[in-house]
Amino acid sequence: MGAFQGRHALIFAAAPETEYGYIRAFLARHPDALIACADGGLRHARVLGLHPDFMISDCDSMPETEGTEVIRLQPEKDDTDTQSCLREVFRRGCAEATLVCATGGRIDHMLANLSLLEEAAAMGGCLTVLDRQNCIVLHEGGCQKFIMPSEYTYFSLVPLDAVLTGVSIENAKYPLRDASVTRAGMITISNEAAPGAEFTVTIGSGRALVIFSRDENRSL
């Protein structure tokens, strides 16, 4: 199954959203993105005038379906629709995916959606979670270089493991050298780097979220 081979998928989840500027900006950068909807995510795609290439739904958030291909699921299941949608687009050959409309509303769904960053990596793919104030990616450990996007003010390192060891941050306002960072009592929130500058985050052991963010009064 490779129908989506090499495509970048834009996945719409069903969390509440009223500000779509960040999605329009993404589409301007990725005009050929595959459009995938998880159940009620179809509402958001319709606001933007998009016809889904792919939709997966149990119809509990939205009774209607639309798409070049639609997969219907039973409402009584273990996996969320967003999780199933992510798995399917990677299974069919997508190399990258960006998840939107995924962080508002219920906290349990938000945390489940953030956990998909790890699941995508386990499937050999790359996932970014995007909302109007944040861009969230996974740091799997080792040395990773980042370019500070001009549209964001801060970056934070949020441990997924109880303890990260050997953490170093270079070329940032608040550098760190071979430190231990704990999930309880984090010391790696609201760091800064110059727009367009390269900075490095090294993690000896453990995984973390790297979150680029801006204050609410800033917009794309």
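Along the sequence shown, residues are numbered consecutively beginning with 1. Computation of the quantities below employed the complete heavy-atom set of this structure, encompassing side-chain atoms and omitting hydrogens, waters and symmetry-equivalent molecules.
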| said: Apply side chain to side chain contact (heavy atoms under 4.5 Å, CB included) to residues Cys85 and Phe54 and explain how you reach the verdict. | reply: CA-CA 9 Å; Cys85 190; Phe54 175 77; 4.1 Å; yes
| query | Glu118 and Glu140: side chain to side chain contact (heavy atoms under 4.5 Å, CB included), yes or no, with the steps? | reply | CA-CA 8 Å; Glu118 293 183 280; Glu140 296 189 76; over 6 Å; no
| task | Report the C-alpha separation of Ile203 and His139 in whole Å, then their side-chain angles, then the decisive distance to 0.1 Å, and conclude whether the side chain to side chain contact (heavy atoms under 4.5 Å, CB included) test is met. | result | CA-CA 8 Å; Ile203 302 176; His139 195 308; 3.6 Å; yes
| request: With side chain to side chain contact (heavy atoms under 4.5 Å, CB included) as the test, would you mind laying out the steps for Phe12 and Ile23 before giving the verdict? | output: CA-CA 10 Å; Phe12 286 87; Ile23 303 176; 4.0 Å; yes
| request: Assess whether salt bridge (charged side-chain N to carboxylate O under 4.0 Å, His left out) is satisfied between Arg46 and Glu66, documenting all intermediate values. | output: CA-CA 10 Å; Arg46 284 177 170 175; Glu66 178 186 340; 2.9 Å; yes
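With no hydrogens or angles considered, no side-chain donor-acceptor pair links Thr65 and Ser57 at under 3.5 Å. Side-chain contact, Tyr152 with Glu192: no donor N or O sits under 3.5 Å from an acceptor N or O.
Residues Leu117 and Leu127 come closest through the heavy atom pair CD2-O, 3.1 Å. Of all heavy-atom pairs spanning Arg207 and Leu138, the tightest one is NH1-CD2, 4.2 Å. Closest approach of Pro175 to Lys173, counting heavy atoms only: CD-O, 3.3 Å. Glu198 and Ile147 make their closest contact through CB-CD1, 3.7 Å (heavy atoms, listed as atom of the first residue, atom of the second, distance). Between Ser190 and Tyr174, the shortest heavy-atom distance links the atoms O-CE1, 3.9 Å. Pairing each heavy atom of Pro159 with each of Leu157, the nearest pair is CD-O, 3.7 Å.
Of the possible donor and acceptor atoms, none in the side chain of Asn134 sits under 3.5 Å from a partner among the backbone N and O of Ile136. The backbone N or O of Ala15 lies less than 3.5 Å from a partner atom in the side chain of His44, making a donor-acceptor pair. Judged purely by atom type and a 3.5 angstrom limit, Ser168 uses its side chain to pair as donor or acceptor with the backbone of Asp178. Between the Arg7 side chain and the Asp32 main chain, a donor and an acceptor come within less than 3.5 Å of each other.
In this structure, Glu17 and Tyr22 have side chains that are in contact, with non-hydrogen atoms separated by less than 4.5 Å. Between His51 and Thr68, the closest side-chain pair of non-hydrogen atoms falls below 4.5 Å. Counting heavy atoms from C-beta outward, Cys135 and Thr128 have side chains that approach closer than 4.5 Å. Looking at heavy atoms from C-beta onward, Thr200 lies out of side-chain contact with Phe146 at the 4.5 angstrom threshold. A 4.5 Å side-chain heavy-atom check between Gln83 and Leu116 finds at least one atom pair inside the cut-off. For the pair Tyr154/Ile211, no side-chain contact is recorded, criterion being any heavy-atom separation below 4.5 Å from C-beta on. Between Val100 and Phe26, every side-chain heavy-atom pair lies at or beyond the 4.5 Å cut-off. The shortest distance between side-chain heavy atoms of Phe155 and Ile169 falls below 4.5 Å.
Rounded to the nearest 0.5 angstrom, Asp81 CG and Ile71 CD1 are separated by 11.5 Å. Of the inter-residue distances, the one linking Glu151 atom CD with Ser213 atom OG reads 11.5 Å to the nearest 0.5 angstrom. How far CG of Leu114 is from NE2 of His109: 13.0 Å, rounded to the nearest 0.5 Å. With values rounded to the nearest 0.5 angstrom, Leu27 atom CG is found 6.5 Å from Leu48 atom CG. Considering CG of Leu42 and SG of Cys37, their distance stands at 5.0 Å, rounded to 0.5 Å. Rounded to the nearest 0.5 Å, atoms CG (Leu99) and CD1 (Ile11) are 6.0 Å apart.
Neither Ile189 nor Val163 shares a network with the other; the hydrophobic side chains, linked directly or stepwise wherever heavy atoms of I, L, V, M, F, W or Y lie under 4.5 Å apart, form separate groups for each.
Between Arg92 and Glu69 a salt bridge is recorded (basic side-chain N to carboxylate O distance below 4.0 Å). Taking 4.0 Å as the cut-off between side-chain N and carboxylate O, Glu216 and Arg132 count as a salt-bridged pair.
Not less than 6.0 angstrom separates the ring centroid of Phe90 from the ring centroid of Phe4.
Other residues, nucleotides and ligands place more than 12 heavy atoms under 6.0 Å from the CG atom of Leu111.
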